[in-house]
Amino acid sequence: MNADYDVIVVGARCAGSPTAMLLARKGYRVLLVDKATFPSDTMSTHIIHPPGVAALKRWHLLQRLQDTGCPAITKYSYDFGPITISGPLRPTQGVSQAYCPRRIVLDKLLVDAAIEAGAELQEGFTVDEILIEEGRVMGIRGRSNGGAPVTRRARVVVGADGLHSVVAKAVRPQQYNERPTISAQYYAYWSGLPTDGLEVYIRPDRAFGLAPTNNGLTMGVIAWPRAEFETNRRDVEGNCLRAFELAPNVHERVRSARLETRFVGTGVLPNFFRKPYGAGWVLVGDAGYHKDPVTAQGISDAFRSAEAVADALDDSFAGRISLDDAMACYQRVRDDSAMPIFQLTCEFARIEPPPPEMQQLLGAVCGNEETMSDFVSVLAGTVPPPEFFGPENVGRIMAQTAHS
């Protein structure tokens, strides 16, 4: 095959740029394309949980993020109304903090790192067609802004272009574990809005949260059931601000703060897994596995999948294993590790009071510093859900409460 590149990565944000960077660092010829130019914004929940922060540390990019002035988050708080569970985050690989960077900051940082590693970037580039010959993806055809159409070929095309991936649309991968959109979400930024780490509030038919981000701003995010999307979008700002009234301590802070931006959001948040590979193509990040953003797992998942896919492609190119075998292993590991948090996320996204047995468990957790830290670390990605919600651990928690 006469290829211009070893890999073409379509999409240069949280999944694509790390994939391109890691492959370029291994010495491969990488083309990275995106219809956007950088820095630019994109819809996102922003949170990088500790596993994602640990990835930035491994890639020698954490200091760059810290240099942007984005505050570290060392505490998560989940307010369910009657009870609040809060605590510090359990560490992973020596990292016990999260960050909530603006995407205009984070994505530019990642793009720059990919370029420094040797990847070629074509921004403002629209992919018009995925080239498929005899059932195999061979490259892309597209154009830069105002330019003539060009064709670029590669051994593998990586779709890192998100939920509405043009690569996925072209190759039509198997989709499974599907659940429809459960919630709609909007967010905006305030100045003068103090927050104690990541604060999340769960109320009937409403969930909202606060987190500190760049330039002294605080991101506020609000979710409601998908069934209310069409009605509530007629007055997004009013409905979002009214949601804060369900937590008086948040409402007072928001009233005293200054809203700096418009609200951005969507009611299109399907939940699914896709087969992430085939003849000449690979999917990474949201293109291969998407879930409701209520638990803000997307960026950390994108980093994790970028590393795994880069390693799988390296193993294949080096002849240590076939691409199909390497990616089949990646798919099994991804699905097995992702399913518990996928299920928990879908439950959270329903924005309903916890069922009685969960209310009992949360009541037992509340006030116990060790178990509260364990609970918030499940959402932070440093304590596996089966470990915390397993019968043995739940029995231990309930027994402690009975004897207290």
Side-chain angles (χ1 to χ4, degrees), residues 39-50 52-53 62-81 84-89 96-109 183-203 205-224 232-266 293-296 298-299 351 376 379-380:
S40 61
D41 215 343
T42 189
M43 195 159 49
S44 169
T45 50
H46 299 17
I47 300 293
I48 310 176
H49 295 298
V53 177
L62 179 55
Q63 186 62 54
R64 295 190 190 186
L65 177 61
Q66 293 169 337
D67 289 344
T68 70
C70 187
I73 299 172
T74 58
K75 175 185 176 184
Y76 286 8
S77 175
Y78 291 85
D79 183 321
F80 294 92
T84 298
I85 298 175
S86 63
L89 311 180
S96 56
Q97 74 268 27
Y99 290 88
C100 180
R102 293 284 301 270
R103 293 297 296 272
I104 55 175
V105 173
L106 177 65
D107 293 356
K108 182 64 165 63
L109 184 157
S183 76
Q185 298 196 20
Y186 285 86
Y187 67 90
Y189 304 97
W190 283 260
S191 60
L193 177 53
T195 179
D196 185 14
L198 171 64
E199 301 179 21
V200 179
Y201 296 81
I202 312 295
R203 298 292 188 269
D205 294 331
R206 294 293 183 273
F208 46 96
L210 304 174
T213 187
N214 297 93
N215 305 118
L217 298 178
T218 293
M219 181 189 72
V221 59
I222 302 93
W224 48 65
N232 290 350
R233 71 187 303 187
R234 299 170 190 165
D235 181 16
V236 168
E237 181 173 330
N239 280 294
C240 287
L241 294 177
R242 280 189 288 274
F244 291 133
E245 296 176 5
L246 299 174
N249 68 319
V250 178
H251 178 54
E252 289 303 314
R253 280 181 282 163
V254 170
R255 285 184 59 191
S256 301
R258 177 185 176 88
L259 180 63
E260 299 288 355
T261 65
R262 67 185 182 91
F263 284 84
V264 175
T266 182
V294 69
T295 54
I299 296 176
I351 318 177
V376 299
L379 282 305

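All residue numbers in this chain count up from 1 along the given sequence. Atoms considered below: every heavy atom in the structure, side chains included; atoms not considered: hydrogens, waters and symmetry mates. Model, not experiment: these values are computed from the prediction.
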Using side chain to side chain contact (heavy atoms under 4.5 Å, CB included), reason through L193 and V254 one step at a time and then give a plain yes or no. CA-CA 6 Å; L193 177 53; V254 170; 4.2 Å; yes

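- Qualifying side chain to side chain donor-acceptor pair (under 3.5 Å) partners for Y76, counting only residues two or more places apart in sequence or in other chains: H49.
- Note on residues 236-247: pairs passing salt bridge (charged side-chain N to carboxylate O under 4.0 Å, His left out), not counting sequence neighbours, are D235-R242.
- The shortest distance between side-chain heavy atoms of K108 and I104 does not fall below 4.5 Å.
- Here salt bridge (charged side-chain N to carboxylate O under 4.0 Å, His left out) pairs that include residues 185-200, with residues two or more places apart or in two chains, are K75-D196, E199-R253.
- The shortest non-hydrogen separation linking P101 to I48 is CG-CD1, 3.7 Å.
- Across every non-hydrogen atom of C240 and Y186, the tightest pair is SG-CB, 3.9 Å.
- Within the structure, side-chain hydrogen bond (donor to acceptor under 3.5 Å, both in side chains) contacts touching residues 208-222 (residues at least two apart or in different chains) are T68-N214.
- Contact annotation: the side chain of P212 approaches that of I73 to within less than 4.5 Å [non-hydrogen atoms, C-beta and beyond].
- Under the side chain to side chain donor-acceptor pair (under 3.5 Å) criterion, R203 pairs with D79, sequence neighbours left out.
- For the salt bridge (charged side-chain N to carboxylate O under 4.0 Å, His left out) condition, the pairs that include at least one residue of residues 205-221, sequence neighbours left out, are R206-E228.
- Nearest approach of P50 to L89, heavy atoms of both residues: CG-CD1, 3.8 Å.
- Under the side-chain contact (heavy atoms from CB on, under 4.5 Å) criterion, V200 pairs with Y78, L198, I202, not counting sequence neighbours.
- Checked against ring-ring contact (aromatic ring centres under 6.0 Å, His included), F244 has the following partners two or more places apart in sequence or in another chain: W190, F208.
- Remark: T261 pairs with no residue by the side chain to side chain donor-acceptor pair (under 3.5 Å) rule, at least two apart or across chains.
- From L241, atom CG reaches atom CZ of R255 across 11.5 Å, with rounding to the nearest 0.5 Å.
- Scanning both residues, M219 and C100, for their nearest heavy atoms gives CE-SG, 4.0 Å.
- Annotation: side chain of N249 is in contact with side chain of Y201 (closest heavy-atom distance under 4.5 Å).
- Contact detail for P88 and V376: the closest heavy-atom pair is O-CG2, 3.7 Å.
- The CG atom of D107 sits 7.5 Å away from atom OG of S44, with the distance rounded to the nearest 0.5 Å.
- Taking S191 as the reference, E260 meet the side chain to side chain donor-acceptor pair (under 3.5 Å) condition, with sequence neighbours excluded.
- Looking at F263 and I222, their side chains come closer than 4.5 Å, going by heavy atoms from C-beta outward.
- Side-chain N or O atoms of N239 include one that pairs as donor or acceptor with a backbone N or O of N232 at under 3.5 Å.
- S183 has its side chain within reach of I351: a pair of non-hydrogen atoms, C-beta onward, lies under 4.5 Å apart.
- Under the 4.5 Å side-chain criterion, counting only non-hydrogen atoms from C-beta, I299 is not in contact with I47.
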